[in-house]
Amino acid sequence: MLDMKLIRSDPESVRDALRRRGEHAEAALDTLLELDRSRREILVEVEERRSLRNTVSEEIARLKRDKADATAKIEAMRTVGEEIKNLEERLREVEASLETELLQVPNLPDPSAPDGDEDNSVLLHHWGAPREFTFVPLDHLDLAATHDLIDMERGARTSGSRFTYLKGDLVFLQFALVQFALRKLAVKGFRPVVVPVLVRDEAMYGTGFFPTDMQQVYRLEGDGLNLVGTSEVPLAALHMDEILDEADLPIRYVGYSSCFRREAGAAGKDTRGIFRVHQFDKVEMFSFCAPNGSAQEHDFMRSIQEEILQDLGLPYRTVSIAAGDLGASAAKKYDLEAWLPTQERYREVTSCSNCTDYQARRLKVRAKGDKGGAYVIHTLNGTVVALGRTIIAIMENYQTEEGLIEVPKALRPFMPSDMEMIGR
RNA sequence: GGAGAAGUGGCCGAGAGGCUGAAGGCGCUCGCCUGCUAAGCGAGUGAAGGAGCGAAUACUCCUUCCGAGGGUUCGAAUCCCUCCUUCUCCGCCA
């Protein structure tokens, strides 16, 4: 959520920033400004009358204590009470509209986010080189088939398309990745958290997934709960409505959870294998950060992501996402894309967003130091390991001519009997 | 799932329609005092919004906030309703 004070004081800058997202900001901004003016107008009126009521109420109390007659004043206040009630009703309506409008406005892109849309992301750098194969590489599904490691058919029978069973040594590989990731992050100051995956609407609105991405979310209507698409949601909500001690910032967490996504609108896209499924597991990092430190924190998080892909020996490239392709909450976002030999291109495996004060304002997460008042902080989130996609990348990049899968050295300590090869 | 109890400031805890943004205590901050420390004494100590003034997260004033949201009343922490959370007992259970 944007700061209404900022919109009020500098609407043209806000308008220009929103245009970079390709938003039709004009109408929404004018509506916001109008609602805001109207809110303050009514507020002043209500407060004047409430002030009057408070003064006279004290007089009434004094009269009653002195056993004097107060009926005239009580009668007068009856009218004032009615006026207050009416004004309050109008105020509620205006504030509700303002809130609704404000919730739909996305974050302002950072000036350093590239211009354009999804085709205009800017390549920051490459690491590693795609492997030269002396044989025709198999994709992850063909590799898995030989050893019965991924069961799409039965997954579909049980739960429908885009659900799978992960089996055998791939399960060990998944948990090796989890262990590897959690340990690395813990050393860097991220506190491990296993989060709730069912959350209230508040958490969805607070993180900016509602109302914009409602169609992507599995909702349990009967319980008023939502299955999270990422542990970013419960991690961000962890400090909802809190005022943190400035000295504790940044507060860093690494979460582990299953993630659920409807993938609405992705019909026919990435239908083969486990690249795009309705349920997957993910290790995610999150940081509550002082406003003036979030750019640096963003780069820190990206460096962790790069370190992990390097440890795993997966060739990748880093891109900065263009303003027009940012999610609602993000002011700036980096994606890391790993090389998939059978697709002969780089595909997204992690992403890292600086949401500045957008989520924190919605979630009412603030900080306070020894002097001065409370202020809204910044939040950042990033994938540590998207397990399904990382497993795909490992399988495809580490396959042997015999159809086996070598375990990356970094993961072997976490595999049963320090397993070096899957499928033997 | 059934029955009951409770939610007040950083914490404990009073208040039961008006004099309560809230007694008392603890904690914390700043002074005073004392070889040091402790004790003692004094003062202070929340948030949000708005108006004025402005460089301001500074200052002045107003409004609101006693789990959340509605209602009754001239007036609600206090009465009524709904929801949320916590605790106890019973049932069920990984």
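Each chain gets a letter, A, B and so on, in the order its sequence line appears, and its residues count up from 1. Computed from heavy atoms alone, side chains included, the values below leave out hydrogens, waters and symmetry copies.
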Can you measure [X] atom [atom1] to [N] atom [atom2] for me and round it to whole angstrom units?
| X | N | atom1 | atom2 | result |
| --- | --- | --- | --- | --- |
| A/Arg53 | B/U64 | CZ | C1' | 11 Å |
| A/Arg92 | B/G49 | CZ | P | 20 Å |
| A/Lys364 | B/A48 | NZ | P | 12 Å |
| A/Arg40 | B/U63 | CZ | P | 20 Å |
| A/Arg366 | B/G46 | CZ | C1' | 11 Å |
| A/Arg200 | B/C83 | CZ | P | 13 Å |
| A/Glu242 | B/G67 | CD | C1' | 15 Å |
| A/Glu246 | B/U57 | CD | P | 15 Å |

Ignoring the backbone of [X], work out which of [options] is nearest its side chain.
| X | options | answer |
| --- | --- | --- |
| A/Leu43 | B/G46, B/G50, B/A48 | B/G50 |
| A/Lys368 | B/G46, B/U63, B/G18 | B/G46 |
| A/Ala374 | B/A48, B/A51, B/G49 | B/A48 |
| A/Ala61 | B/U63, B/G18, B/G75 | B/G18 |
| A/Ile60 | B/G18, B/U72, B/U63 | B/G18 |

Is the distance between the ring centroids of A/Tyr165 and A/Phe163 under 6.0 Å? no
(request) Report yes if the distance between the aromatic ring centroids of A/His239 and A/Tyr253 is under 6.0 Å, otherwise no. (result) yes
Contact class for [X] (heavy atom, under 4.0 Å): base, sugar-phosphate, or nothing?
| X | answer |
| --- | --- |
| A/Arg8 | sugar-phosphate |
| A/Arg49 | nothing |
| A/Lys64 | base |
| A/Arg62 | nothing |

N-O pairing of [X] and [Y] below 4.0 Å:
| X | Y | result |
| --- | --- | --- |
| A/Arg78 | A/Glu75 | yes |
| A/Lys188 | A/Glu307 | yes |
| A/Arg15 | A/Asp10 | no |

| request: Check the pair A/Leu173 / A/Ile422 against side-chain contact (heavy atoms from CB on, under 4.5 Å), numbers first and verdict last. | output: CA-CA 9 Å; A/Leu173 188 68; A/Ile422 289 174; 4.3 Å; yes
Using a cut-off of under 3.5 Å, enumerate the N/O to N/O pairs linking the protein to nucleotides 59-62 of chain B.
| residue | atom | partner | partner atom | Å |
| --- | --- | --- | --- | --- |
| B/C62 | O3' | A/Ser51 | OG | 3.3 |

Which of A/Met240, A/His378, A/Glu232 passes side chain to side chain contact (heavy atoms under 4.5 Å, CB included) with A/Gln359? It is A/Glu232
### Query
C1' atom, B/C28 versus B/G17: distance in rounded Å?
35 Å
Any chance the side chains of A/Thr383 and A/Lys282 put a donor and an acceptor closer than 3.5 Å? no
